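Have a look at the structure below before the remarks.
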Amino acid sequence: MRHPRRAGSVQDRHRGVQGSRLGERVSRMADKQSVGFIGAGNMGWPMAACLVKAGFPVNISDSRREVAHNFVQQVGGFAPDTLRDLAGKSDVVVTMLPTSAIVETVLTGGDDNIFAGMKPGTIVIDMTSGIPSVTQRLAERVAELGGMLIDAPVSGGVPRAKTGELAIMVGGDGAAIDKAMPVLSAMGTSVLRTGGVGSGQAMKALNNLVSTGGFLIGIEALLIGQRFGLDPAVMTDVLNAATGMNNSTQKKFKQFVLSRTFNAGFTMGLLAKDLSIALQVGRETGTAAPLSALVKEFIVSAEAKFGPNADHTEMARLCEILAGSELGGGD
C-alpha cells in the first residue's frame, strides 16, 4: 500500500521562511561595505542608525563606551573594543566628531588609533565640521598608508539626520567619493561634490555663516516689527511667503524662538567654532569680510553670555536683551 508523502509541518515551513529571510539579510550585508563609525553623539547616533537600517555592517565607537554598547543593544551593529580593531574590521571609517583636533587624535594619537589598524584601500570619511587645512594634512597621511580621505560635513540638523535626509558637502578625490557614495547616500538625500579635499568643510562653515546671518537679521526684523505693533508670528508667515524667506524663518523662528523652547539640537559652541573656521578661510584667502566678522563676534558674545552648551537659537535672546524686548512677550 502506497502512503501519501507527508507534507512539512506549519512550524517547519515557518522556520524555512525565517531561515530564507535571514539568509537574504546576511547575503545583503555581505554585499555591503563594512563601516566603522566613530562618534555617536546627537548627530552621529541617528546617522549611524541610518547605515544599520540600510543594511551596512556597522562597527560603532564613542569616547563613552556605554554609549557604543547602548547603540548596539538598541539599534544593532558591533562595538569593537579598540579603534585599532574597528579599523581592521572596516572598509570605510567615518568620523563624526566635534573638532579636527579630536579627529587627529582618533586617527593618529596614543597607542590605540585608526592608523594602527587601517587596511590599505580604506576610505576615511571625515564628516566633522573641521578645519580644511588640518583635514588636508590628515589626507596626506592617510594616503601614505594606502587609504583615501574625503571630507563630508553635513547640514540639516538632528531631524534630518534621523530621516536620512541630510545635505552632505563632500570634497576629495573623485574615485574615493564614488566608492563612498553608497555610504553617503544612506545618510543624505543631497550629496554635493564641492572640489578637492577640505572644500566640503570650507563650504559647511560658509553655509553656517550665511545661515547665522539670516537668523540674526530676521530676529532683528521681528523685534522692530513687534515694537511697531506687528505680531511676530504673522511677520514670520509673511516672510515665508515673500522674499525675506530663509531657513530660519521657515524652520526656527516659530519652532524654537517664538515657542521659547530653544532646543533645535545644535550648540552655540559648535556654531561659534564653525564661524571661526569660516573667518579663518577668509583670512587665508585674503578676503575682506567685515559683515562676517560682525556676525562671528555676535555669536562669540552670545556664547559668553549663555555658555557653549546653550542651543544656538538662544542667540535670539541676546538680540532681545539689546532691544529691551522679548519676542511674543511685549515690551
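What you see is a predicted model, and the numbers here were worked out from it, not measured in a lab.
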Worksheet item: Any donor and acceptor pair, going by atom type alone, linking the side chain of Q226 with main-chain N or O of G328 inside 3.5 Å?
Response: yes

Discussion item. When you measure from the side chain of N246 to the backbone of S211, do you find a donor-acceptor pair of N or O atoms at a distance under 3.5 Å?
Written reply: no

Worksheet item: Any luck finding a side-chain donor-acceptor pair between E284 and Q280 under 3.5 Å?
Response: yes

Discussion item. So does K252 get a backbone contact from the side chain of Q255, meaning a donor-acceptor N/O pair under 3.5 Å?
Written reply: yes

Item to complete: Please check if the side chain of K273 supplies one atom and the backbone of P98 the other of a donor-acceptor pair under 3.5 Å.
Response: yes

Discussion item. Tell me whether V134 shares a hydrophobic cluster with L279, the cluster being built from Ile, Leu, Val, Met, Phe, Trp, Tyr side chains joined at under 4.5 Å.
Written reply: no

Worksheet entry | Any donor-acceptor N/O pair, Q136 side chain to I131 backbone, under 3.5 Å | no

Fill in: E320 (side chain) donor-acceptor with L327 (main chain) under 3.5 angstrom
yes

Worksheet item: Is the shortest heavy-atom distance from the side chain of K305 to the side chain of I321 under 4.5 Å?
Response: yes

Discussion item. For the residue pair N113 / T108, report whether a side-chain donor-acceptor contact shorter than 3.5 Å exists.
Written reply: no

Discussion item. What I want to check is whether the side chains of S129 and K204 have a donor and an acceptor closer together than 3.5 Å.
Written reply: yes

Discussion item. Check K32 with D91, please: is the shortest side-chain N to carboxylate O separation under 4.0 Å?
Written reply: no

Worksheet, complete the sentence: Taken to the nearest 0.5 Å, the spacing of I299 CD1 from T212 OG1 works out to 5.5 Å

Discussion item. As an exercise, state the distance from CG of L206 to CE of M169, rounded to the nearest 0.5 Å.
Written reply: 10.5 Å

Discussion item. Given 3.5 Å as the limit, does a donor-acceptor pair link the side chain of D151 with the main chain of G200, or not?
Written reply: yes

Fill in: Main-chain N/O of E165 paired with R160 side-chain donor or acceptor, under 3.5 Å
yes

Worksheet item: Looking at CG of L83 and CG of N59, how far apart are the two atoms once the value is rounded to the nearest 0.5 Å?
Response: 11.5 Å

Worksheet item: How about N309 and T267: does a side-chain donor come under 3.5 Å of a side-chain acceptor?
Response: no

Fill in: Salt-bridge criterion met for R84 and D111 (N-O under 4.0 Å)
no

Discussion item. Keeping N70 on the side-chain end and E66 on the backbone end, is there a donor-acceptor pair under 3.5 Å?
Written reply: yes

Item to complete: Using the side-chain contact (heavy atoms from CB on, under 4.5 Å) rule, take D126 and L107 through it: C-alpha gap first, then chi angles, then the decisive distance, then the call.
Response: CA-CA 10 Å; D126 183 12; L107 292 181; over 6 Å; no

Fill in: Pairwise distance CZ(F56) to CZ(F37) - rounded to 0.5 angstrom
12.5 Å

Fill in: Under 3.5 Å: donor-acceptor pair, side chain of S325, backbone of L223
no

Discussion item. Nearest 0.5 Å, please: how far is CG in D112 from OG1 in T82?
Written reply: 4.5 Å

Worksheet item: So, are R137 and E104 salt-bridged, with charged N and O less than 4.0 Å apart?
Response: yes

Worksheet item: Is the F266 ring parallel, tilted or perpendicular to the H312 ring (thresholds 30°, 60°)?
Response: perpendicular

Discussion item. I'd like to know if V92 and I177 are part of one continuous hydrophobic network [Ile/Leu/Val/Met/Phe/Trp/Tyr, side-chain heavy atoms within less than 4.5 Å].
Written reply: yes

